[in-house]
Amino acid sequence: MDTLLANLLTLAVLVPLAAAVVLALLGGKLPGHGRISAWVAIGSVATAFVITLVAAFVYQQASTESVVGTYYTLIELGERSLRLTYAVDTLTILLFGLVTFIATAVMVYSTEYLHEELAPGGVLDPDVRVPGHVPFIRPGRYNQFFATLSFFVASMLLLLIAGDLLTMFVGWELVGITSYLLISFYRERPLAGAAATQAVIVNRIGDTGFLIAMMALWSGVGTLSLFSDASGSTSLLSWAASSEASTTLLTVASIGLVLAAIGKSAQVPLYIWLPNAMAGPTPVSALLHSATMVAAGVYLLARTLPLIPAEILLGIAYLGAITHIWGGCLALAGTDFKRVLAFSTISQLGLMFIGIGLGSRDAALFHLVTHACFKSLLFLAAGAVIHGCSTGDLRRLGGLATKMPWTAGTMLVGVVGLIGLGIPGLQFGLSGYYSKEAILAQAAAFAEANPIHGLLYYLPLFGAGLTALYAFRLWYLVFWIRPRDEGTYAHAHPAPPRMRAVLVVLAAAAILAAMPIPGLELSVWQSIHATAGGEPRSAEWLVGLSLPTADAHHDAEHSMVAELSALVATVVGILLITAVYIWRQLDPSELAQRFETPVRFLRREGRVEAFYNTVFVAPTLGLASGLRWLDRHAIDPVIHSLAHMWIVLARWQDVFDRRVVDSAVQGLSDRLWSWGVGLHLWQTGRLRQYVLMMTAATTAIFLIATFVWNLTRSP
Amino acid sequence: MTPLVWLSLIIFAPLVAAVVVACLPADRPGPLRWITLAGLMAPLLLAKFLVVMPADSGVAFVLGEPDVQSLVQVDWIPTFDIEYLLGLDGLSYPLLVLTAALSVLAWIASWTITKGLKGYCLLFLVLATGMLGVFLSLDLILFYVFFEIVLFPMYFLIGLWGGERKEYAAIKFFLYTLFGSVLILVGILILYFTSDLTQLSDAQLVGAHLSDRTLAEITAAREAGEEVHTFNIMALRALGQSTEVFADDFLFGKSADWWAFVLLAFGFLIKVPTVPLHTWLPDAHVEAPTPVSMILAGVLLKLGGYGLIRIAIPICPDAAWELSGVLATLGVISILYGALAALAQSDFKRLVAYSSVSHMGFVVLGLASGVSAGSGEVTTETMELGLSGAMYQMVAHGVVSAGLFFIVGMLYQRTGHRQLSRYGGICNLLPRLSALSLVIIFAALGLPGLCGFIGELFVLLSAWAYMPIVAGLAAFSLVLTAGYFLSAVQRVFLGPVYTGPNAEHLTEITTRELIVLVPLVLAAICLGVYPEIVLAVMEPSAELLAEQIAAGISQAAAGG
Amino acid sequence: MNLLAEPVGLNHYLFVSTVLLTCGLICMAGKRNALGVLMGVELILTAANINLVAFSNPALRADSQLALHLDGHIAAIFIMVIAAGEAAVALAIGLNFYNNHATIDVDRADDLKG
């Protein structure tokens, strides 16, 4: 049964992967101008969804809580081994279902949204300026889009099924690179390429943290597995629960993990890539950059929660709170439909971080699921508007409720889900209501236990009001107030039926996702709650810090406080924004003038990107140029001067050769020559002279010899 | 078939082809090209067949056997104990196959070369012989000879078939590496003259694979109280690891193995190359023709890493251990320096060249943590991981860098320039070329599932146990790597239109180019998805080496 | 001493030899005719031969018990053979010289002067 479960979910990973490979290799050759490829991709992802459902039923029959196993071993090192493993528990199955469900919906939606890509003569891209002011026409990329999306689903599922940090890192990086490919889908637009590059680079800063965590844990613990297998082997979680766990190591590893999560989940200070990532097609923003991929950071922290010391959790909570508020503020001032939604995503992810940071993994994951439903709905509604009006500029939209009522209606569902409206006490509301309430209740319990950190309760509360403000502002600006650009309004057309159907399905999901399904044990909340490893560590050195139990938000007192206060904050927010745009009690332009400085500050998004460019990017590039200069003008000259030195030395040696050695040899030979010339005089060529000389010489030698002989003989 | 014939054929098949080529007329390119191809294919096939030969045939390369196999031992210059000693183990076999394969691919990439074709064929074949010989030889002098043989064809290939500043680049390459070679030679001689085989026990002598003649000499020398010197790498390894012959003071209060290691490492680090000894690399790469760049990056840089792991480290484990901090620092400096310098380049090929500096830094870092026994939290397993990581990174970088240089070469061949700022829109113009290029570039980025990731991961995991700060800095380099590669992708492949010169020559990838690039892409994917295919060969040897080093160091610690 | 008053001995031979040598030298140094020079050469060689024969006398030798005392004679015979050959060559040179220069005056034979 266990192997069946693992095999099923592995199959769910492999089917989209196979579809991606097939499409990448054969996509262009499929019949129907690539129309088929969309359905191949959708078929594969839907198959994965069905497999997940089957797996869910299998799981209910199975006895075990989780199934852990190894795909294969990378390397065996004595007792240690580096392995790619899987782990299946309820959370895995739940998130598999979530990802495949939303992916199927988004892909079906995309068949209409990207219909232009199928145009036989190529796609006219009005956003691209080319020299000569000719219209820019490029080949369609329908097939490529669906291939990449299938690959994304496979990578995301791999990330979710991972039973160890290494496998998770593999999925983590793969979703990152599919994100790159999809952000740069409109690769001719200069902003798209830059945004894609920026997304990867910023994410890689986080990945450095992931690597550091892996390195530290591998060195210190000797394994990267999160879960113990059936034989009870050491795993990170079992090690963290034991007394051997070293706080230093945990701190280093957790800082790394948090850095990774910050990068992926676009938290302050690494959030800047996410708004820019909106350069990709809207369905991509719906699937990757709001619902699934960006939530991977939260998922990572949720899985590794028992490793993270409480002090770091507190930091996570504050970071989340800052992000929650800052994202809300930016969303409130935004003028681009998709950017506003991106800031909203950042803000909501901040809320999930608060949940994690306060030790309530379950509430954070719960919000992750509900957020995925309503945020993908919001993005797809935005896509329908952009598709119908050819612009996402909020200053040119308005009054579209009459033109596209289905979109307006479903988006309203999304907005209400986002702000988490519900009726306290009755436990009735849209999905966001339940999850937000869970986080706020946890915050209330936390603030009660640690009054000094009361801010962690008030900030999300303020954030709830802020969410209501910007969410309704967005909806009013697009659908309700008088149209501000007649041309846009006149040309607006409603979403095609297929897109509309997807919106309705997702709206239903946004309403129902959090509700317990009667007759079925497997509600979202229970699935999350049944997953092991939700207990946070207690504080070691921060005296007095006490985390409430993970179940704190289920006690009635805190729930009621949270529900009521959230309702008040939300309603105040709604009333305020309605007063501005509907009742006209306050004039928006007058407001903008009165608060000119903060509005301008927020419109420029705090100039954070410029700040980063000045503080981080420019110095790095400067250092890079400096090193290039160093190579050319410092190291090379040393090499050159060394070479030059040898040449100079060689010259000197040459001089020595000529002046000293050569001239000595020359002088000797000159002398010999002149002697030869001198002797030459004796050679008269006269035979008789020679005879005389010989005679004389012989006589002389004889005489001398005799003389010497006598000399030596006579003592 | 004896190992002697088989291994000699692997090395000298290209040389035989070179003789044939030399006899052919120079004006008919067809036979020249095909015979050269045959001469380069032969080693690849022979090397591959080694694995599938039956185990009892004597020439088979048995997977999972850690020690040296297929040994060939013939006297060469007996007066100085120099032998024709060949053999294979898990460290050399992957690099041998890589070399043979890259030679073939680089040759197919050279198909368009017409200038001085005959000379080019000859030089290329001699180059192949040299490279293959380096990975097979187990005698220091034989190793050195092959190491030098590589140098000369390379000099002429860069200097005659290169770009604008080819003479400068060729001479710079030549002088740098020759300088390194001289140091290596001195190191080798130090080892030779301080070695003494009589110090080895009988069991160690068996392990050292000595010839009968040498054994007889040792017996005689033991009786006479003389020393027996050797160039045999395996014997020197045994000497360095289990005796004290190299430990005596040699010069300035440092031992012989310290000096030998410093000299050898210096020479090999020039080849790797390590900052600040790297400036020959960008120039040589930029000026060299594409196939030569592929060989240069794919194989020649590996000679440095291989020399360290085959000679310097096993023979002088104590010195390596003592200097591992320096080695690690040099490695991480190379990683960061190369990445930063690549970030500042405007020439695509220079960028790729600097990326090689950065990637090869991981090899040095891995080797450093592979010899760091006893420091920090290092265990033998950690060392094995570091050594495996370094080896894997070498293989992976061989595939990736050859691919990268080929990509740059294809673009250069079409447009006649390499300025990043003057490209753009290649994705739309040449979709197939771009798709294959992106796979290679992602592999270079260290994307999991492609070959660049495994080596870097192993090295990082191993390095943290040794020096956490260094490992952290190395991990940070991934950000920079992403930065320079993706900004290059953005400038070259993305964007609306190509605005540079020769736009009309931008044609889709040809069949011949596919034959070169597709195997590289497939290798990048296979090595990334299933690293076992290389690790199965490599890991037992890495494990053995790690154990030997660990034992060697503890021996020295006990003795000293 | 008076040579004429003594029995013939070594000194007589040496005396004759000296006379012949002196005659030969004078002949070589004095004659301009190449044939005359050649005659002088023959005289000198004869003087040498006489010396050799004279010194092979057993009375003059320390190893007289063992030797045959013919060494001097053998050497003389060799010299005579060589002298014959030498005379032939010299005459040929002379003839050739005459053919080329229409003279055999040795003073004019300085073509090979260095």
Side-chain angles (χ1 to χ4, degrees), chain A residues 24 72-80 82 125 128-131 136 138-139 166 169-174 177 180-181 184 187-190 192-194 196-197 200-201 203-205 207-208 211-212 214-216 218-220 222 252 620-621 623-628 630-631 635-636 639 643, chain B residues 172 175-176 276 278-280 282 337 340-345 376-377 379-382 384-385 388 425 427-428 431 435 442 445 447-449 453-454 457-458 460-461 463-465 468 471-472 475-476 478-483 486-487 489-490 493-497 499 530-532 535 539 543:
Chain A
Y72 68 86
T73 305
L74 269 184
I75 187 167
E76 290 269 5
L77 300 159
E79 290 177 359
R80 299 176 169 194
L82 207 50
D125 194 335
V128 178
R129 304 261 181 282
V130 292
F136 179 77
R138 61 170 172 84
L166 177 59
F169 186 71
V170 172
W172 183 272
E173 288 284 282
L174 289 179
I177 216 70
Y180 171 83
L181 292 173
S184 64
R187 56 176 89 107
E188 294 80 12
R189 304 181 185 168
T197 310
V200 175
I201 293 171
N203 264 304
R204 279 255 164 152
I205 297 175
D207 296 349
T208 309
L211 279 170
I212 286 174
M214 283 205 290
M215 295 189 284
W218 171 261
S219 300
V252 172
T620 309
L621 290 178
L623 181 62
S625 309
L627 290 184
R628 183 172 77 160
L630 197 70
D631 259 16
I635 297 183
D636 268 3
I639 304 297
Chain B
K172 196 170 176 183
L175 290 183
Y176 251 112
H278 66 287
T279 58
W280 64 269
Y337 191 107
L340 280 168
L343 203 54
Q345 300 304 323
E377 297 171 24
T379 59
T380 313
E381 287 82 45
T382 315
E384 185 195 337
L385 194 61
S388 307
C427 251
N428 281 350
F442 286 159
L445 277 181
L447 187 71
F453 174 67
I454 306 284
L457 176 80
F458 285 9
L460 286 175
L461 287 181
W464 180 277
F476 181 72
L478 292 186
V479 178
L480 300 172
T481 312
L486 291 184
S487 69
V489 167
Q490 192 189 335
F493 293 104
L494 308 184
V497 283
T499 49
Y530 198 63
E532 188 67 15
L535 283 176
E539 204 244 69
E543 189 177 352

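Quick note: numbers below take in every heavy atom, side chains included, and nothing from hydrogens, waters or symmetry partners. Keep in mind it's a predicted model, so treat the numbers as computed, not measured. Protein chains get the first letters and strands the later ones, always in sequence-line order, with residue 1 at the start of each.
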- Task: Begin from the C-alpha positions of A/Asp636 and B/Thr279 and carry the test side chain to side chain donor-acceptor pair (under 3.5 Å) through to its verdict.
- Result: CA-CA 7 Å; A/Asp636 268 3; B/Thr279 58; 3.0 Å; yes

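- Heavy-atom distances place both the backbone and the side chain of A/Phe169 under 4.5 Å from chain B.
- Side chain of A/Arg628 to main chain of B/Ala341: no donor-acceptor pair is present (N/O by atom type, distance under 3.5 Å, no hydrogens or angles).
- Residue B/Gly483 comes nearest to A/Ile201 through the heavy atom pair CA-CD1, 3.5 Å, listed as atom of the first residue, atom of the second, then distance.
- Contact of B/Leu478 with chain A is made through backbone and side chain together, with heavy-atom distances under 4.5 Å.
- When heavy atoms are compared at a cutoff of 4.5 Å, A/Leu211 approaches chain B solely by way of its side chain, counted from C-beta outward.
- In this structure, chain B has a heavy atom under 4.5 Å from the side chain of A/Val128, while its backbone stays farther away.
- Both the backbone and the side chain of B/Tyr530 come within contact range of chain A, with heavy atoms under 4.5 Å apart.
- Taking 4.5 Å as the limit, every side-chain heavy atom of B/Leu460 sits out of range of all side-chain heavy atoms of A/Met214.
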- Between A/Val252 and B/Trp464, is a side chain to side chain contact (heavy atoms under 4.5 Å, CB included) present by the stated rule, with each step listed? CA-CA 12 Å; A/Val252 172; B/Trp464 180 277; 3.9 Å; yes

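- Residue contact with chain B, scored on non-hydrogen atoms closer than 4.5 Å, involves the backbone and the side chain of A/Ala194 alike.
- Of the two parts of A/Leu181, only the side chain, counted from C-beta on, holds a non-hydrogen atom closer than 4.5 Å to a non-hydrogen atom of chain B.
- Contact count against chain B (heavy-atom pairs under 4.5 Å) is highest for A/Ile75 among A/Leu174, A/Ile205, A/Ile75, A/Leu623.
- The most heavy-atom pairs under 4.5 Å with chain B, out of A/Leu621, A/Leu82, A/Asp207, come from A/Leu82.
- Across every non-hydrogen atom of A/Thr208 and B/Gly472, the tightest pair is CG2-O, 4.3 Å.
- One distance of note links OG1 of B/Thr382 with CH2 of A/Trp218; it measures 8.5 Å at 0.5 Å rounding.
- Considering CG of B/Leu535 and OG1 of A/Thr73, their distance stands at 11.5 Å, rounded to 0.5 Å.
- Contact detail for B/Ala465 and A/Ser219: the closest heavy-atom pair is N-OG, 3.4 Å.
- With a threshold of 4.5 angstrom between heavy atoms, B/Pro276 approaches chain A through its backbone and through its side chain.
- Chain A forms more heavy-atom pairs under 4.5 Å with one residue of B/Leu445, B/Val497, B/Leu480, B/Asn428 than with any other, namely B/Asn428.
- In this structure, B/Thr379 OG1 and A/Glu79 CD are separated by 10.0 Å, a value rounded to the nearest 0.5 Å.
- Closest non-hydrogen pair, A/Ser184 versus B/Leu494, comes out as CB-CD1, 4.2 Å.
- Contact tally against chain A (heavy-atom pairs below 4.5 Å) for B/Phe476, B/Phe453, B/Tyr337: the top residue is B/Tyr337.
- Ranked by heavy-atom pairs shorter than 4.5 Å toward chain A, the options B/Glu539, B/Gln490, B/Glu381 are led by B/Gln490.
- When each of A/Val170, A/Leu166, A/Ile177 is checked for a side chain to side chain contact (heavy atoms under 4.5 Å, CB included) with B/Pro448, only A/Val170 meets the rule.
- Only the side chain of B/Leu457 comes within contact range of chain A, with at least one heavy atom under 4.5 Å from a heavy atom of that chain.
- A distance of 7.0 Å separates CZ in A/Arg204 from OG1 in B/Thr481, rounded to the nearest 0.5 Å.
- Note on B/Pro431, B/Cys427, B/Pro468: by heavy-atom pairs under 4.5 Å with chain A, the leading option is B/Cys427.
- For the pair B/Pro496 and A/Val130, the tightest heavy-atom approach, listed with the atom from each and the gap, is CB-CG1, 3.8 Å.
- Residue contact with chain A, scored on non-hydrogen atoms closer than 4.5 Å, is absent for B/Thr380.
- With a threshold of 4.5 angstrom between heavy atoms, A/Leu74 approaches chain B through its backbone and through its side chain.
- Between the CZ atom in A/Arg80 and the CD atom in B/Glu384 there is a gap of 11.5 Å [rounded to 0.5 Å].
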